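Report on the structure given below.
A, B, ... follow the sequence lines: proteins, then strands. Residue 1 opens every chain. If you're wondering where the values come from, they're calculated on a predicted model, not measured in any experiment.
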Amino acid sequence: MPRMKSAAELEEFRQQILAQRDADQPCFTLCSGSACHATGCGPVAAAVEQELEKQGLTGKVRFRRTGCHGFCEQGPVAVIYPEGICYLKVKPEDVAEIITETIVNKKVVDRLLYVDPTTGEKATLENEIPFYKHQQRLILGLNLEIDPQSLEDYLAAGGYQALVKALFEMTPEQVVGEVKEAGLRGRGGAGFPSGVKWDFARNAPGEQKYVVVNCDEGDPGAYMDRSLMEGNPYAVLEGLMIGAYAIGASEGYVYIRQEYPLAVENLEVAIARAEEHGLLGQDILGSGFDFTVKVHRGAGAFICGEETSLLKSLEGMPGEPNARPPFPAIKGLWNKPTNINNVETWSNIPLIINRGAEFFNAIGTEGSKGTKIFSLVGKVNNTGLVEVPMGATLRDIIFKIGGGIPGDKAFKAVQTGGPSGGCLPADLLDTQVDFDELTRAGAMMGSGGMIVMDEDTCLVDLARYFLGFLSDESCGKCTPCREGIRQMLKILTRITNGQGKEGDIERLQDLAETTRGASLCALGKTAPNPVLSTLKHFRDEYEAHIHDQRCPSLSCKQLIAFHIDPEKCRACGACLRKCPAEAIDGGKKRIHVIDQDKCTRCGSCLDACPAAFGAVGKLSGEPVPAPVPEEQRAIG
Amino acid sequence: MNELLPQPEHDHFRAKAAASEHPRELIIDLLRAIQEHHGWVPDEGVELTAEILGLSPLQVEEIATFYDKIFRRPVGRKVIHYCDSICCWATGGEQVAAHLQQKLGIGPGETTADGAFTLLPSCCLGACGDAPAMMIELKLYGRLTPEKIDAALEKEKD
Ligand code: FES
């Protein structure tokens, strides 16, 4: 296919593709995002190809490897079209059966269907599964329909219609106006209105301007940008081009973390294909608009997710933040006006232009429009990526979509907004996901990490953990951030070690306020959040650690002890064999006893003790009962 | 010693630098290319980068040391990056780290005596749905258990 030179040629090409496709043709789709690669979709894919060949179906049955479907907990996920039958946790040995039964004989393979853990009911179609049913997948949904490297698939799904509309029916001002009116706010964390930001860059003086995609999602616990870039790179490119047209930029950069090799690969293929077809380069579709894009791979450093440091890193400078203003919109990359948005934000643009601002701003709340993708992870049954309209409650996300907490444990808190976000307790579960609501509740939208904790997670230890992370990642340029974090970390470490002092809580509070007020960039300004939010909602846990040397979650190693209940021990020896520290004394028909001095509190004994006996227990804040004297240890 | 950069790549970067308005933007790509061929970036690699891009070695050094995935010291044939971020931490990441250290007999930042593996902690690998996770070079391993770790190490050692 030569370069297309007009919108009409593009449309003709799309029609050709659609004409060749038969909606009733069977199609085996397999999610092949990084997560499913890690759980083994590679061998499954090989099995599909082999089996199709063996049954003489190659060419008759389409095989499509798509990006992430989001239901990572149950991956690899296979969906069989035209029926849309969804099979979970597919293994290579299941493939022949799926092809023979479902594709050839049109029967459902029962054992691979989703089973509702509470009702025991099976679901055949993807949207019958509660995980999907309660979502609104405007952005992620396309991941299921396309092979990320196939321009044809993207065009068949309506791709590049938004670009054509922007280039031929709208002025740049109108494009900016549409995005403003849609009420789109940046999905990377700050929630700044994207249209307003575009306007700054658009109005900034200068011939040369840049647009940048931030795919350096450093926020631990959030991986939607990876899935979007891996699963639908054309949509990111299309959004970026529309932004470039609106702002007046002719060059773009995509900054991707080096940990995302599949995202790099798929994007590079997409760029090459778009170039071949005249969807990148000079005079795109005869509109007079020129645009080229370069991919830049990062090399590690969390801070580069921050806008100004990311731009520094693109320039080949150390990625340290600059004081703002000047904002990148005025002086960004190589001091030229630059607009930078994250992957999810750019992915929303084609939708807004296609469907219009009114469609978009009808979804969501007063202050937050559209949908938001969250990565639902931690102690929740259905981990994965979920997309919900703004305004959905945390409870709906965690319980309806996420299926609640595994193993009868109680929900304790949900952490949103990455390391500098906050933790919300059970009584705030009805909080709506909305930029302002979450901030009011003491958390943050952030880039969409939602980490669920159950009763076993100690929140003081969590705060300690987060500050440890932030102290490694702080670039050290400004003192309040560097020292504030370090001091808070010291106190928190002390508390979790059982050496908390009176006044520690107040000291933490003071340090948190100072760090928040005086740091230069967002990392420092938000670093105290984990401390402040856990102090606000779980102050009693801090107090228990400090006053009673007790960890209520039975998790801080220095504050707990393992103990074998002599009444329950059946001398099976399971714990003794597993103990890596040789801290357990016991023998045949003898009650086992843990030597507290040797014990490293790894918990292996607790895991090893058969549930029927349940002899090993955890203690905190109370003395360990004295061991049974040697001569009384025989079990009769 | 391996050559720092094969001739075709060498030429490729020279051409790219000459065509670029800001050759400096190639710094990480070039350092990474050297690392891919040589395993790590020795002083001569820094000097070569500086020379190709028209910078001083000091300017290159500053970048090389800022980014933790550019190695300025020799590393094993494969680098293991285990995630120490929140989801992995909350799902037993510390045990993963402990098991790796015990199995390989090295601490974080060290290389096994046979030169097979270097062990490094890493920030979130974006595999949070499959926590706890690690990457060996660019291959991702998720939902780790001691057994899965052993199998991965077995498979990756060459
Ligand atoms: S937290 Fe470990 S992969 Fe994201």
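No side-chain donor-acceptor contact under 3.5 Å links Thr111(B) to the backbone of Val75(B).
Applying the side-chain hydrogen bond (donor to acceptor under 3.5 Å, both in side chains) test to Glu265(A) and every residue at least two apart in sequence or in another chain returns Gln149(A). For His296(A), the ring-ring contact (aromatic ring centres under 6.0 Å, His included) test picks out Tyr255(A), with sequence neighbours left out. For Tyr82(B), there are no ring-ring contact (aromatic ring centres under 6.0 Å, His included) partners, not counting sequence neighbours.
For chain B, the option among Gln258(A), Met453(A), Arg297(A) with the highest count of heavy-atom pairs below 4.5 Å is Arg297(A). Top candidate by heavy-atom pairs under 4.5 Å with chain A, chosen from Arg32(B), Glu62(B), Met135(B), is Arg32(B). Considering only heavy-atom pairs separated by less than 4.5 Å from chain A, the leading option among Ile27(B), Asp84(B), Thr91(B), Ile63(B) is Ile63(B).
Using a 4.5 Å cut-off between heavy atoms, Ser122(B) contacts chain A through its side chain alone, with no backbone atom that close. Heavy atoms of Ala90(B) lying under 4.5 Å from chain A belong exclusively to its backbone. Contacts of Ile28(B) with chain A are made by side-chain atoms alone, with heavy-atom separations under 4.5 Å and no backbone atom involved. In this structure, no portion of Asp456(A) lies under 4.5 Å from any heavy atom of chain B. Heavy-atom distances place both the backbone and the side chain of Leu462(A) under 4.5 Å from chain B. Only the backbone of Leu314(A) comes within less than 4.5 Å of a heavy atom in chain B; its side chain stays farther off. Interface remark: Pro318(A) contributes backbone and side-chain atoms alike to the contact with chain B (heavy atom separation under 4.5 Å).
A salt bridge between Arg72(B) and Glu61(B) is present, with a side-chain N of the basic residue lying under 4.0 Å from a carboxylate O of the acidic one. Ion pairing between a basic and an acidic side chain is recognised when a charged N comes within 4.0 Å of a carboxylate O; Lys379(A) and Asp454(A) show such pairing. By the 4.0 Å N-to-carboxylate-O rule, Glu51(B) lies close enough to Arg14(B) to be salt-bridged with it. Using a 4.0 Å cut-off between a side-chain N of Lys or Arg and a carboxylate O of Asp or Glu, Glu455(A) and Lys412(A) do not qualify as a salt bridge. Salt bridge annotation for Lys69(B)-Glu259(A): present, with a cationic side-chain nitrogen under 4.0 angstrom from a carboxylate oxygen.
With Tyr260(A) as the aromatic partner, Arg257(A) meets the cation-pi criteria of under 6.0 angstrom to the ring centre and within 45 degrees of the ring axis.
In plain terms, the two heavy atoms of Phe71(B) and Val79(B) that are nearest each other are CE1-CG2, 3.9 Å.
Using non-hydrogen atoms only and a strict 4.5 Å limit, the part of residues 15-23 of chain B facing chain A consists of Glu21(B), His22(B).
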